Amino acid sequence: MPPRYALIDCNNFYASCERLFRPDLRQRPVVVLSNNDGCVIARSAEAKALGIPMGAPYFKYRALLRRHGVAVFSSNYALYGDMSARVMGVLARFCPEVAVYSIDEAFANLSGVPGGADAFARRLKATVEAWTGIAISIGIGPTKTLAKLANRFAKNHPRLRGVFDFAASQDPDRLLRHTAIADIWGIGRRHGARLARHGVGDALAFRDLDPTWVRRKMTVTGLHTLLELRGQPCHALADGPADRKTILSSRSFGQPVAGLDELREATALHMVRAAEKLRRLHAVASCAHVFLHTNPFRPGLPQHNDSASVPLAVATAHTPTLIRAVHAGLARIYREGFEFKKCGVMLSGLEPVDGRWLSLLDLPPNDTPAHAPLMRAVDTLNARWGRDTVTFAAVGPREAAWHMRRDMRSPRYTTAWPELPEVRA
DNA sequence: TCTGGGGTCCTAGGACCC
DNA sequence: TCTGGGGTCCTAGGACCC
């Protein structure tokens, strides 16, 4: 049976999560800001109607937001992650095959579902909304790219009531003609602008281009997009289990940082986070990387961007060893006299912890087997009592000035006991 | 003052080897 | 001063996604 892909996604996900526990905001526009309260990354329908673009820098829009009584939130990933797990749980319970694609999206294969794809999707939508309070939209098509496209129509045309099957269309060419080139999944700003210069402005024109030309100008990625628009699947439901290749932890500072001591604390904190993720994947890393950036938005200031890679003698998930590695890298790239805006660490050469290669040389003393129980104990305590119940001295004081800003974070309603919502009769 | 963070994939080019 | 072809591996950079 040919696949019938569905793209299921949550409407204005972060903004919807914020509203769940704040019924007073039901009619008010809501926006959610990125880490550090830098820019707008989620908008309720009312906020979109006010003309606030995705990615709008907060400082430029603050006055407008205030004028229109927009409720503004710092991002609260504890809440969004938990709500995402609930939505995905419902999907997994009812769909024969699901692949989670992002925090607010999943693909499913609805081929052969009882009662037909459209009726099934409508039941699924009603169930998710009743059980979680999060509204979703569903697009269906013979390829993932067309399912994505169908999802846009489901969202943008209220008469479809949130579900649209591309195959049900009387005139598919017309749908493609009404899809702007940059709204195609897989075609971003750069290629969109380039195609527009060649007179290719919509999905229909792109679909009918010469595949050889597209292959040459846009690599196989672009070719796959074209073929998928023609109904020929190039992406499987789950494109391989996608073993992670890297783990990254980085952030802009709440305020500029010039001193080495603070950079050592910040990189240590990033490594604590990265190593937590590494152990959650039951993996070890064989290389640690560290990087520094000054502020690219201030080209007048002296700029210094650099990175260093530190190979590890033995692949490990031992946080202190990894911190020592990035501190060694940091010493190589740090320069005095610069205002740094951002730093981060990356782990690469990931291997499953059970199948790792041991060095032919003796194990270095910092990777003795005793370290695994210690890390396990740290992770267990933090899982039970909350993040950073126990941590590492190298990360420095908990209230350091360089930590990111999130001045408008809502309570972690569903994941922290002290922040449970209270209901008064 | 104030412009996110975390990923993937693809390609070109250099280093190195035989 | 002249001097090949073929292969692998790594890295940097570009493009995309949410």
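Per chain, numbering begins at 1; letters A, B, ... match sequence-line order. Just so we're clear, the structure is a prediction, and the values are computed from it rather than from any experiment.
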### Summary
Which of C:dC18, B:dG7, B:dC2 is nearest the side chain of A:L248? It is B:dG7

### Query
Would you say a side-chain N or O of A:R273 is under 4.0 Å from OP1 or OP2 of B:dG5?
no

### Summary
Considering only heavy side-chain atoms of A:K341, the closest of B:dT3, B:dC9, C:dC18 is B:dT3

### Message
Whether A:R406 and A:D37 form a salt bridge (side-chain N of Lys/Arg under 4.0 Å from carboxylate O of Asp/Glu) is what I want to check.
### Response
no

#### Entry: A:L7 CG - C:dC17 C1' separation (whole Å)
12 Å

### Task
For A:Q255, report the nucleic acid contact type (base, sugar-phosphate, nothing); a contact means any heavy atom under 4.0 Å.
nothing

### Message
Measuring to OP1 and OP2 of B:dT1, would you say a side-chain N or O of A:K60 lies under 4.0 angstrom away?
### Response
no

### Message
Rounding to an integer number of Å, can you tell me how far A:L195 CG sits from C:dC16 P?
### Response
9 Å

### Message
Check for me whether the distance between the ring centres of A:W131 and A:F94 falls short of 6.0 Å.
### Response
yes

### Options B:dC10, C:dC17, B:dT8, nucleotide nearest the side-chain atoms of A:T219
B:dC10

#### Entry: Pair A:R409 + A:E419, salt bridge at N-O below 4.0 Å
yes

### Task
Give A:I184 one of three labels, base, sugar-phosphate or nothing, depending on what nucleic acid heavy atoms sit under 4.0 Å from its own.
sugar-phosphate

### Message
Does A:R62 reach a base, just sugar-phosphate, or nothing at all? Heavy atoms under 4.0 Å.
### Response
base

#### Entry: Nearest-neighbour nucleotide for the A:V220 side chain, B:dC10, C:dC18, B:dT3 considered
B:dC10

### Query
Within a strict 4.5 Å, meaning less than it, do heavy atoms of the A:C17 and A:I134 side chains meet?
yes

### Task
Have a look at A:D37 and say if it touches a base, only the backbone sugar-phosphate, or nothing, with a 4.0 Å heavy-atom cut-off.
nothing

### Query
What is the distance from NE2 of A:H235 to C1' of C:dC18, rounded to the nearest Å?
15 Å

### Query
Contact class for A:I103 (heavy atom, under 4.0 Å): base, sugar-phosphate, or nothing?
nothing

## Note on the structure
Winner on side-chain proximity to A:K342, out of B:dT8, C:dC17, B:dG5, is B:dG5

### Message
Measuring from the side chain of A:N35 (C-beta onward, heavy atoms only), which nucleotide among B:dG4, B:dC2, B:dG6 has the closest atom?
### Response
B:dG4

### Query
How about A:L330 and A:R264: do any of their side-chain heavy atoms sit closer than 4.5 Å?
yes

### Message
So if I take every side-chain heavy atom of A:R251 and compare against B:dG5, C:dC17, B:dT3, which nucleotide ends up nearest?
### Response
B:dG5

### Task
May I ask you to evaluate whether A:K148 reaches the phosphate of C:dC18, defined as a side-chain N or O under 4.0 Å from OP1 or OP2?
yes

#### Entry: Any A:R189 side-chain nitrogen or oxygen under 4.0 Å from OP1 or OP2 of C:dA15
no

### Query
According to a strict under-4.0 Å criterion, is A:T246 in side-chain N/O contact with OP1 or OP2 of B:dT8?
yes

### Query
With rounding to whole Å, what would you report as the distance between C:dC17 and B:dT3 at their P atoms?
24 Å

### Message
Salt bridge or not between A:E18 and A:R22? Use side-chain N to carboxylate O under 4.0 Å.
### Response
no

### Message
Can you tell me which nucleotide in B:dC2, B:dG5, B:dC10 comes closest to the side chain of A:S250?
### Response
B:dG5

### A:R43 CZ to C:dC18 P, straight-line distance once rounded to whole Å
13 Å

### Message
Please give the distance between the C1' atoms of B:dC2 and C:dC18 as a whole number of Å.
### Response
24 Å

### Task
Please check if the distance between the ring centroids of A:Y5 and A:F107 is under 6.0 Å.
no

#### Entry: Which residue lies more 5' along DNA chain B, comparing A:R215 with A:N36 via nearest heavy atoms
A:N36

### Task
Please state how far atom NZ in A:K245 lies from atom C1' in C:dC9, giving the value in whole angstrom units.
16 Å

#### Entry: Atom pair distance, as rounded to whole Å: CE in A:M404 and P in B:dT3
14 Å

## Note on the structure
Separation of B:dT8 atom C1' from A:M346 atom CE, nearest Å, is 12 Å

### Message
Pairing check on C:dG14: which nucleotide meets the Watson-Crick or G-U wobble criteria with it, both distances under 3.5 Å?
### Response
B:dC9

### Rounded interatomic separation in angstrom, taking CD from A:E228 and P from C:dC17
13 Å

### Sugar-phosphate, base or nothing in reach of A:S75, heavy atoms under 4.0 Å
nothing

### Message
Quick check on DNA chain B: between A:Y77 and A:T221, whose nearest nucleotide comes earlier from the 5' end?
### Response
A:Y77

### Within-4.5 Å side-chain heavy-atom neighbours: A:R387 and A:R273
yes

### Summary
Out of B:dG4, C:dA15, B:dC9, minimum distance to the side chain of A:F297 belongs to B:dG4

## Note on the structure
A:S252 has its side chain closest, among B:dC10, C:dC18, B:dG4, to B:dG4

### Query
How is A:L33 classified with respect to the nucleic acid when contacts are heavy atoms under 4.0 Å: base, sugar-phosphate, or nothing?
nothing

